[in-house]
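See below for the structure under consideration.
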Amino acid sequence: MKVDWKWFAIFVMALAIIALCLRKCNRWDGVEHVTTVTRTDTLRVRDTVLFPAPYSVQYPVTIPAPIDTEAVLADYFAQKSYAIHYEDTAIKAVTDVTVSENSVEAVKMDYEVLRKNTLTTKTVYREPKFALTLGGGLSYNIPNRKPGFEVTIGVNIRRSQFQAGYDFISQTPRIGWQYQIFRN
């Protein structure tokens, strides 16, 4: 089989020119990153309520034992502070109650509304629409019992690959087309 080198060279050059033109037209690098960030601040509030009035007072009916008056008076004038903690997934609160002279002096409530900071990152990858490939391979011609070595050039456009090659030992050109069925 005689190879018409002029037409084969024109075909390979046309493939290279098309590949270069498509490369210049498509300036996109192949990866687009989209990042969405949402942040929510935490609300912190401190409230103080002074001198609340009791809503219920209960007195004992009988006194069960002798009373130590000094201990009762020391306890009466002592200033006691109580901390009541409460924590949940939505709120964290501490109530500070101060009691003195048998009455509530102050109630302080410190709370924090817990809202988690949300960070959402979206990454969108696009595959390139065009690629130029160059390769080679070993072959074997069964009827002639001859090994071969070929050089190929290819153009990938989306899912199709167009190839042109030449086997230097068998001196035969090759033209091919492949389609990508599955993607990873």
| request: Nearest 0.5 Å please: distance from the CG atom of N156 over to the CD atom of Q163. | output: 8.5 Å

Evaluate the side-chain proximity of [Y] to [X]: yes if any heavy-atom separation is below 4.5 Å, no if none is.
X    : Y    : result
K80  : D75  : yes
Y76  : E101 : yes
D110 : D96  : no

Shortest non-hydrogen contact between [X] and [Y], atoms and distance:
X    : Y    : value
A93  : M109 : CB-CE, 4.3 Å
L132 : G154 : CD1-O, 3.2 Å
D88  : L114 : O-CD1, 3.6 Å

| Shared hydrophobic cluster, V72 / F77 (ILVMFWY, side-chain heavy atoms < 4.5 Å) | no

| said: Hydrophobic cluster membership, with links at side-chain heavy-atom distances under 4.5 Å among I/L/V/M/F/W/Y: are L134 and F168 in one? | reply: yes

Identify all side-chain donor-acceptor contacts of residues 144-153 below 3.5 Å with residues at least two apart in sequence or on another chain.
residue : atom : partner : partner atom : Å
E150    : OE1  : R174    : NE           : 3.4
E150    : OE2  : R174    : NE           : 3.0
E150    : OE2  : R174    : NH2          : 3.4
T152    : OG1  : G135    : O            : 3.4

| query | Yes or no on side-chain contact (heavy atoms from CB on, under 4.5 Å) for V12 and Y166, after CA distance, side-chain angles and deciding distance? | reply | CA-CA 10 Å; V12 170; Y166 184 73; over 6 Å; no

